[in-house]
K.L.:
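Here you go, one structure.
Every chain is numbered from 1, with letters handed out A, B, ... down the list of sequences. What you are looking at is a predicted structure, and each value in this text was computed from that prediction instead of being measured.
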4 protein chains.
Amino acid sequence: MEFRETQAIYLQIGDYVCEQILLDRWNEGDRIPSVRELGVDLQVNPNTVMRTYDFLQSNEIIYNKRGVGYFVSEDAKTKIISYRKKQFLDQELPLFFKNLRILGMDFKEIAKLYELFIAK
Amino acid sequence: MEFRETQAIYLQIGDYVCEQILLDRWNEGDRIPSVRELGVDLQVNPNTVMRTYDFLQSNEIIYNKRGVGYFVSEDAKTKIISYRKKQFLDQELPLFFKNLRILGMDFKEIAKLYELFIAK
Amino acid sequence: MEFRETQAIYLQIGDYVCEQILLDRWNEGDRIPSVRELGVDLQVNPNTVMRTYDFLQSNEIIYNKRGVGYFVSEDAKTKIISYRKKQFLDQELPLFFKNLRILGMDFKEIAKLYELFIAK
Amino acid sequence: MEFRETQAIYLQIGDYVCEQILLDRWNEGDRIPSVRELGVDLQVNPNTVMRTYDFLQSNEIIYNKRGVGYFVSEDAKTKIISYRKKQFLDQELPLFFKNLRILGMDFKEIAKLYELFIAK
DNA sequence: GTGGTCTAGACCACC
DNA sequence: GTGGTCTAGACCACA
């Protein structure tokens, strides 16, 4: 796995894990790879994976059974989506609209571009 | 001024400066606030403002007269808009569309939200 | 059975076993559940139960007949109570009192809560 | 500073910080020592202090100004006390009462011991 | 100077 | 085997 420079690796791994869950590769209730396994897989220090798991656990997307491993929470998918939606509506959308206005772009242009995007 | 966690403060100040220019609050050829003044205004360390000005100067949006201050370049508005438009079309828009799809949102919803935004 | 985060599971199982003995559910001289049985009951790895039994045996609360099983010692109840009472008076009580004071709670509050607890 | 074996160092440092706040040694709004300073003071790796600060920040007891340092939140004292109170009422008190009953101790005994404790 | 991230490697308790 | 903690040391962006 390649990492972007612009974001902490442990967060990118977080996104990776969430994607696996959203795509039903790792199902709710399943055990996910151990910190060591995933560390080897992604060519990353186990501590870094640990940090990801810590972060996801504090967001209740995964949980831990002591001495056994980490597991996908029951409502993980819902949580991920609602978390992202909130992020999107609160942060990205206002910025997006502001940009539209500042750049003097017409909303209809965007609509057209979206159709092109969908068609791809 | 409040700053987002997701982006360096000096870049956010850069956006702020560009906005002043685009909105004709600071006109081309005019002197803009000194590093210290803006630092006080925005509750930010002067070094940070300095970094912003450095950055904007390297993009030729502002220029410097030694011992006098920083000034808005003649074609600043054009430059800002073309720079931003490129950024917007290449980077933000694809991400934006991708998000829409992942979150399963309808484009009509966005259109409605935009009207609300405009009305404000 | 639910386990607290703050203490090792095998110790919490130890408390559970002692309680069964104190409450006369498992009587002195009787055979107690096998490591596997209790493991299934409590949804826990048999190794963990094994560790509990090891621990209790080293405190002479239970003993082992090879190939037969584990049994409650003759004077188990006395031992448990004296062990716990010591623990309680030396360790828990001082901490408890200290907490009361730090939190600025009145002892009468505690008395009331105790009545509620008893009434349950 | 000496650390107990029974609890993670970073949590003990957390308690230490909270104590400083409760005792008005570090006041609300004040900057607290940098991770490096406190690391030297307590003879501990800066990363460990970092972990403490992370933890306290997620509990909103301290907050961070980027590039400047960590600061005591406005209502830190209230938060600490209410956090501890919750912990006490939910976790310790039920266990305490349960112990009382199992050990067959009278509540009046406890009341007497408390008076002795207070008198000290 | 500050925090933040990451690595490598160690040791531990626990399951 | 698992996670959890800690250290030492490095590098970086940021203020």
K.L.:
Report the distance from atom CZ of C/R4 to atom P of E/dC14, rounded to the nearest whole Å.
P.N.:
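Rounding to the nearest Å, CZ of C/R4 and P of E/dC14 are 14 Å apart.
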
K.L.:
Can you check whether B/Q7's main-chain N or O pairs, donor with acceptor, with B/Q12's side chain at less than 3.5 Å?
P.N.:
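Yes; judged by distance alone, with no hydrogens or angles, the pair exists.
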
K.L.:
B/I13 CD1 to F/dA15 P: how many Å, rounded?
P.N.:
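Rounding to the nearest Å, CD1 of B/I13 and P of F/dA15 are 8 Å apart.
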
K.L.:
Atom CZ of D/F3 and atom C1' of E/dC11: how far apart are they, to the nearest Å?
P.N.:
18 Å

K.L.:
Check whether any side-chain N or O of D/T48 sits under 3.5 Å from a backbone N or O of D/Y10 as a donor-acceptor pair, and report yes or no.
P.N.:
no

K.L.:
Less than 4.0 angstrom between a side-chain N/O of D/Y53 and OP1 or OP2 of E/dT2, yes or no?
P.N.:
no

K.L.:
Please check if the side chain of B/E28 supplies one atom and the backbone of B/K77 the other of a donor-acceptor pair under 3.5 Å.
P.N.:
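A pair under 3.5 Å: yes.
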
K.L.:
Where the side chain of A/M50 is concerned, which of F/dT5, E/dT2, E/dG3 is the nearest nucleotide?
P.N.:
F/dT5

K.L.:
What is the separation between atom CD on A/Q12 and atom C1' on E/dT5, rounded to the nearest whole Å?
P.N.:
12 Å

K.L.:
If you check the A/Y10 side chain, which of F/dT7, E/dC6, F/dT5 turns out closest?
P.N.:
E/dC6

K.L.:
On DNA chain F, check which nucleotide each of B/N45 and D/I9 is closest to and give me the residue with the more 5' one.
P.N.:
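Residue closer to the 5' terminus by nearest nucleotide: D/I9.
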
K.L.:
From the options F/dT5, F/dA8, E/dG3, select the nucleotide whose nearest atom is closest to the side chain of D/R51.
P.N.:
F/dT5

K.L.:
Does OP1 or OP2 of F/dT7 have a side-chain N or O of D/T48 closer than 4.0 Å?
P.N.:
yes

K.L.:
Atom CZ of residue position B/R36 - does it have more than 12 heavy atoms of other residues, nucleotides or ligands inside 6.0 Å?
P.N.:
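Count not over threshold, so no.
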
K.L.:
Looking only at N and O atoms, is any donor in the side chain of A/N47 or the base of F/dG3 less than 3.5 Å from an acceptor on the other one?
P.N.:
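Looking at the base of F/dG3, it does not pair with any donor or acceptor on the side chain of A/N47 (distance under 3.5 Å).
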
K.L.:
Counting any heavy atom closer than 4.0 Å, what does D/E5 reach on the DNA or RNA strands: base, sugar-phosphate only, or nothing?
P.N.:
nothing

K.L.:
Report the residue (A/D54 or D/R66) whose heavy-atom-nearest nucleotide on DNA chain F is the more 5′ of the two.
P.N.:
A/D54

K.L.:
Can you tell me the distance, in whole Å, between the CD1 atom of A/I32 and the P atom of F/dT2?
P.N.:
13 Å

K.L.:
Can you figure out which of F/dG4, E/dT2, F/dC14 approaches the side chain of B/A8 most closely?
P.N.:
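The answer is F/dC14, which lies nearest to the side chain.
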
K.L.:
Of all the nucleotides listed (F/dG3, E/dT2, E/dC15), which has the minimum atom distance to the side chain of D/R36?
P.N.:
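Among F/dG3, E/dT2, E/dC15, the one nearest the side chain of D/R36 is E/dT2.
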
K.L.:
E/dG3 P sits how many Å from D/F55 CZ, rounded?
P.N.:
19 Å

K.L.:
Send over the distance from D/Y70 OH to E/dG4 C1', rounded to a whole Å.
P.N.:
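The answer, rounded to whole Å, is 8 Å.
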
K.L.:
Now, which nucleotide makes the Watson-Crick or G-U wobble pair with F/dC14, with each of the two distances under 3.5 Å?
P.N.:
E/dG1

K.L.:
Grab the CD-P distance between B/Q7 and F/dA15 for me, whole Å please.
P.N.:
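Nearest whole value for this atom pair: 11 Å.
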
K.L.:
Quick check against the 3.5 Å criterion: does D/N45 have a side-chain atom that pairs as donor or acceptor with the backbone of D/N47?
P.N.:
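Yes; at least one donor-acceptor contact below 3.5 Å.
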
K.L.:
Quick check: does any side chain N or O of B/R31 sit under 3.5 Å from a backbone N or O of B/V68, one acting as donor and the other as acceptor?
P.N.:
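Answer holds: yes.
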
K.L.:
Should F/dG9 form a Watson-Crick or G-U wobble pair with both distances under 3.5 Å, which nucleotide is its partner?
P.N.:
E/dC6

